Amino acid sequence: MSSSQYQLHGNVAVITLNNPPVNGLGHELRSGIVAGIDQAAADANVKAVVLIGSARAFSGGADIREFNTPKALAEPNLNTVIRIVEASPKPVIAAIGGVCMGGGLELALGCHFRVAAPGAQIALPEVKLGILPGAGGTQRLPRVIGVERALNMIVSGAAVSSEQFKGTALFDEMVEGDLLQGALAFAQKVIAENRPAQRVRDLKIDYPNAEAFFQFARNTVGAVAKNFPAPLKCVDAVAAAVARPFEEGLRLEREFFTYLVQTPESKALRHAFFGERAAAKIPDVPEDTPTRKIEKVGVIGAGTMGGGITMNFLNAGLPVALLEMKQEALDRGVATIRKNYENSLKKGKLTREQLDSRMALLKPTLSYDDLKDADLIIEAVFEEMGVKESVFKKLDEIAKPGAILASNTSTLDVNKIAAFTQRPQDVVGMHFFSPANVMKLLEVVRGAKTAKDVLATVMQVAKKIKKTAVVSGVCDGFIGNRMIEHYGRMAGFLVEEGATPWQVDRALEKWGMAMGPFRMGDLAGNDIGWAIRKRRYVEKPEVKYSRIADVLCEMGRFGQKTGAGWYLYEAGSRDAIPDPKVEELIASYRKEKGITPRKISDSEIVERCIYALVNEGARILEEGIAQRASDIDMVYLAGYGFPLHRGGPMLYADTVGLYNVARAVKRFAAESGDRFWEPAPLLAKLAAEGKTFN
Ligand code: 3HC
Ligand code: NAI
């Protein structure tokens, strides 16, 4: 079916945008709109034109998939379409319902009149994609809703409900009931009253003291925009709307748009937008796979993870039975949940009623009887196979048929766990990240026998509890932790060879990581990594580690929780203070090993740590543990504080160029003799072919 339709309703022509799902203004749709306007102009019986979309969307804006392709600029481009609409000899009325965003709003602003359904979502969200409105939005919106309000919308990208614009020139009328009928009735008024076509471009902006305001805006926006160039360009473009003639402002906006759309920051943000949506899709699990009903949840273990996991479901309005072995542990877990909610209450993020209703959904229990009717049961008990075995055997006895049995294990084999039951098809990994009520990432671990409808259901549940879910195959550490281990190993070697922990942290934080590896270790508890390494020394003796971290742990320096780790912590503070004792410890370790320290540059630190992620990521991709490169990027953006403006480790490698990454990796292999640095076959292959991961 064509992406737009033209129909006559008496003397009114109706052009319906029909490019599901959100009426992205791709080339075909743009051409259809122009054809409709031309047809209406040529028909003497037509006295007005209505532009309308679907119930879901007037239009979600320019088709982002066309960016940086010839189609984006192919005539009629969006600016041309808007010019033609604006110049139409017959009045054009935009009938706005659902989503009206970006280019969609710009198109509406090019119409002579606008009517809207209440609840329509109005936004110029381009800044979230690292660009700015490029089809007149920065010039026209201030003319209808005022400079300050428009600037706020453009810089934040936030959506505002249509009824909030009552009394502004954005909408001529609000339509209750059927939108098309309302728009047609409005059109008859325009015709009967012979209302002159209003062109937003002709409206004058009267804004005294504009320069002072924009200087203030630049300071404020510049301070928060940090790694992103778009927000400041938004300010400059709106400033031009005030200071310059309309056409000049439009030209400047276009210039900014053309520049921004090519920036790596914009590419990264668009990658994240599509990557998040792609991650929800599983190639061999069709989107129409029937899902299981999840109305009641069980959680086993009320420790660090179990409590946070429980909160996710309570927040989403689902009742949870939380099971522990002993009353004391149960009470402690429930008290922590309550305390977290009380803190949100104090910060004004939650009302007392919300707190009460969430706590009322919680059923703490010591008895498996309370899990019998749960549709989804998530285990978060100690990380020991024996304990997991007893829990899953018990679940197999008591859980109702069809209940999904999930494990939050971070390192154990989900296939083995599934094999403790007679229903491995119902078993899946749901790997939350700490703190589980806050962190966005959820790795959904697909066992060899996990049923497709179980996966489809868990992905749906993830959406409900507002997580970014990424599917991982079964392997040690899954996607995220398997990669981070090598990043941490490299950080350890860098210290062994001459860097200080604070230099390593600072270099990576300056590059954009939310937290360097040593501060991260202190936060998570160095004892966790220590336990993993002890296991590795036995299971994988060929993998090399710096032993400085072990010496630190032998001294009981586990991090923030013991007041000292790589850094020192004053009581009650999370501020990491570099500790001369740690420098002494490192110096004596080097002496003992006969290592002469050398000066290490920040760029070497970044290359070795980040390329370690990339090289292991390539292996994970090749083994099919991750379904696609962007899934790996989503894991790192949502779970590991990887800088958004770089788009994730795999996109970053693409940006640097895989040829360059592979060369550096080979050099590290030659210098270190560490087998890890042999380029992953996929990396070597793509580099040789001049291709990219994404
Ligand atoms: N172009 C192309 N595809 C788009 C799109 C767009 N502008 N907006 C959404 N889509 C696609 C999504 O990728 C997704 O595809 P999939 O089903 O294949 O995964 C599908 O539409 C549905 O999207 P969501 O899952 O996000 O659906 P929701 O109902 O949750 O949200 C939405 C709808 C609010 C429109 C949200 O998709 C969104 O925020 N989209 C981006 C809007 C935007 O940034 N517009 C500005 C574009 S840039 C522009 O207009 C430039 C101009 O100024 C020149
Ligand atoms: P924890 O030690 O804080 O909590 C475990 C809880 O389980 C304790 O309260 C304990 O009393 C209870 N428990 C133990 N055996 C039980 C049984 N048989 N029946 C009922 N309750 C039992 O541990 P944590 O950190 O919450 O870890 C739980 C699981 O989550 C582990 O598998 C761990 O690997 C995983 N995980 C931990 C992360 C973390 O950062 N702590 C992150 C992601 C996963």
Side-chain angles (χ1 to χ4, degrees), residues 19-26 56-57 59-67 72 77-79 82 98-107 121 123-138 154 157 159 253-254 257 261 266 269-270 273-274 276-281 287 299-309 322-326 328-330 332-333 336 365-366 368 378-392 394 407-412 417 429-436 439 441 443 463 478 480-481 523-525 528 531-532 639:
N19 184 23
V22 298
N23 283 326
L25 291 158
R56 182 174 183 189
S59 167
D63 188 333
I64 313 169
R65 290 173 207 273
E66 281 187 355
F67 282 11
N77 64 41
L78 191 53
N79 276 293
I82 293 170
V99 164
C100 178
M101 293 186 176
L105 179 55
E106 293 174 299
L107 172 63
Q121 292 301 296
L124 287 176
E126 285 86 344
V127 74
K128 294 184 181 171
L129 301 172
I131 51 176
L132 88 179
T138 63
I154 293 168
E253 177 197 84
R254 197 69 220 160
F257 182 90
V261 80
S266 172
L269 286 168
R270 280 179 274 142
F273 177 84
F274 286 119
E276 187 167 347
R277 283 154 183 83
K281 299 182 171 73
E287 295 205 20
V299 173
I300 308 180
T304 310
M305 295 306 290
I309 293 169
L322 176 60
L323 179 125
E324 259 291 345
M325 284 182 303
K326 296 209 175 85
E328 198 193 341
L330 188 60
R332 209 179 317 123
T336 305
T365 181
L366 298 173
Y368 272 92
I378 304 171
E379 159 281 308
V381 300
F382 299 137
E383 186 74 343
E384 283 167 33
M385 202 46 120
V387 187
K388 306 282 187 203
E389 178 174 2
S390 68
V391 167
F392 274 82
K394 183 75 188 168
S407 172
N408 182 48
T409 179
S410 38
T411 54
L412 300 175
I417 294 176
M430 286 178 82
H431 185 217
F432 289 83
F433 287 71
S434 181
M439 295 297 291
L441 179 62
E443 283 181 324
K463 207 166 179 184
F478 313 125
N481 285 346
L523 176 70
I528 295 182
I532 293 174

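All ligand and atom numbering here is 1-based and tracks the order in the structure. What you are looking at is a predicted structure, and each value in this text was computed from that prediction instead of being measured.
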Looking at non-hydrogen atoms alone, which of [options] comes nearest to [atom]?
| atom | options | answer |
| --- | --- | --- |
| atom 50 (O) of ligand 1 | Gly60, Ala57, Ser59, Gly103 | Gly103 |
| atom 35 (C) of ligand 1 | Asn19, Asn79, Val99 | Val99 |
| atom 16 (C) of ligand 2 | Ile378, Val381, Thr411, Thr336 | Val381 |
| atom 7 (N) of ligand 1 | Pro20, Ala62, Gly24, Gly61 | Ala62 |

With nothing but distance in play, are any N or O atoms of [X] less than 3.5 Å from an N or O of ligand 2?
| X | answer |
| --- | --- |
| Val391 | no |
| His431 | no |
| Glu324 | yes |
| Ser410 | yes |
| Glu383 | yes |

Of all the non-hydrogen atoms in the protein, which one sits nearest to [atom], and at what distance?
| atom | answer |
| --- | --- |
| atom 35 (C) of ligand 2 | Asn408 O, 3.3 Å |
| atom 16 (P) of ligand 1 | Lys281 NZ, 3.5 Å |
| atom 15 (O) of ligand 1 | Arg65 NH2, 3.5 Å |
| atom 2 (C) of ligand 1 | Asp63 OD1, 3.3 Å |
| atom 10 (N) of ligand 1 | Val22 CG2, 3.8 Å |
| atom 39 (O) of ligand 1 | Phe273 CE1, 4.1 Å |
| atom 25 (O) of ligand 1 | Arg277 NE, 3.7 Å |
| atom 20 (C) of ligand 1 | Pro21 CG, 3.4 Å |

Numbering the atoms of ligand 2 from 1, which are under 4.0 Å from a heavy atom of [X]?
| X | result |
| --- | --- |
| Thr409 | 32 (O) |
| Phe382 | 2 (O), 5 (C), 8 (C), 10 (C), 14 (C), 15 (N) |
| Met325 | 13 (N), 14 (C), 15 (N), 16 (C), 17 (C), 18 (N), 19 (N), 20 (C), 21 (N), 22 (C) |

For this session: Give the intermediate values and the outcome of side chain to side chain contact (heavy atoms under 4.5 Å, CB included) for residues Leu129 and Ile64.
Result: CA-CA 9 Å; Leu129 301 172; Ile64 313 169; 3.7 Å; yes

Give the numbers and elements of all ligand 1 atoms closer than 4.0 Å to a heavy atom of [X].
| X | value |
| --- | --- |
| Arg56 | 22 (C), 27 (O), 28 (P), 29 (O) |
| Phe274 | 13 (O) |
| Gly102 | 46 (C), 50 (O) |
| Phe67 | 48 (S) |
| Pro133 | 53 (O) |
| Glu106 | 52 (C), 53 (O), 54 (C) |

Backbone of [Y] reached by a side-chain donor or acceptor of [X] within 3.5 Å:
| X | Y | answer |
| --- | --- | --- |
| Ser434 | Ala436 | no |
| Glu443 | Gly480 | yes |
| Glu379 | Ile300 | no |
| Gln121 | Ala159 | no |
| Glu253 | Gly136 | yes |
| Lys388 | Val381 | yes |
| Arg270 | Val261 | yes |
| Asp63 | Gly24 | no |
| Glu384 | Gly386 | no |

With heavy-atom distances below 4.5 Å as the criterion, would you say the side chains of [X] and [Y] are in contact?
| X | Y | result |
| --- | --- | --- |
| Met439 | Leu441 | no |
| Val391 | Phe382 | no |
| Asn408 | Ile309 | yes |
| Ile154 | Glu126 | no |

Could a heavy atom of [X] be found less than 4.0 Å from some atom of ligand 2?
| X | value |
| --- | --- |
| Phe432 | yes |
| Ala380 | yes |
| Lys388 | yes |

Problem set entry | Residue pair Thr411 / Glu383: nearest heavy atoms and the distance that separates them | OG1-OE2, 2.5 Å

Out of curiosity, [X] [atom1] to [Y] [atom2], how far, rounded to the nearest 0.5 Å?
| X | Y | atom1 | atom2 | answer |
| --- | --- | --- | --- | --- |
| Leu132 | Arg254 | CG | CZ | 9.5 Å |
| Ser266 | Ile131 | OG | CD1 | 5.5 Å |
| Arg56 | Asn23 | CZ | CG | 10.0 Å |

For this session: Determine, step by step, whether Thr336 and Arg332 satisfy the side chain to side chain donor-acceptor pair (under 3.5 Å) criterion, reporting the C-alpha distance in whole Å, the side-chain angles of both residues, the deciding distance to 0.1 Å, and the verdict.
Result: CA-CA 6 Å; Thr336 305; Arg332 209 179 317 123; over 6 Å; no

For this session: Compute both the distance and the angle, then confirm whether Arg277 meets the cation-pi test with Phe273: under 6.0 Å from the six-membered ring centre, within 45 degrees of the axis.
Result: yes

Counting only non-hydrogen atoms of the protein, does one fall under 4.0 Å from [atom]?
| atom | answer |
| --- | --- |
| atom 2 (O) of ligand 2 | yes |
| atom 22 (C) of ligand 1 | yes |
| atom 30 (O) of ligand 1 | no |

Problem set entry | ligand 1 versus Leu129: contacting region, heavy-atom distance under 4.0 Å | side chain

Exercise. Can you find an N/O atom of Ile64 closer than 3.5 Å to an N/O atom of ligand 1?
Worked result: yes

Exercise. Looking at ligand 1, does any of its N/O atoms fall within less than 3.5 Å of an N/O of Leu78?
Worked result: no

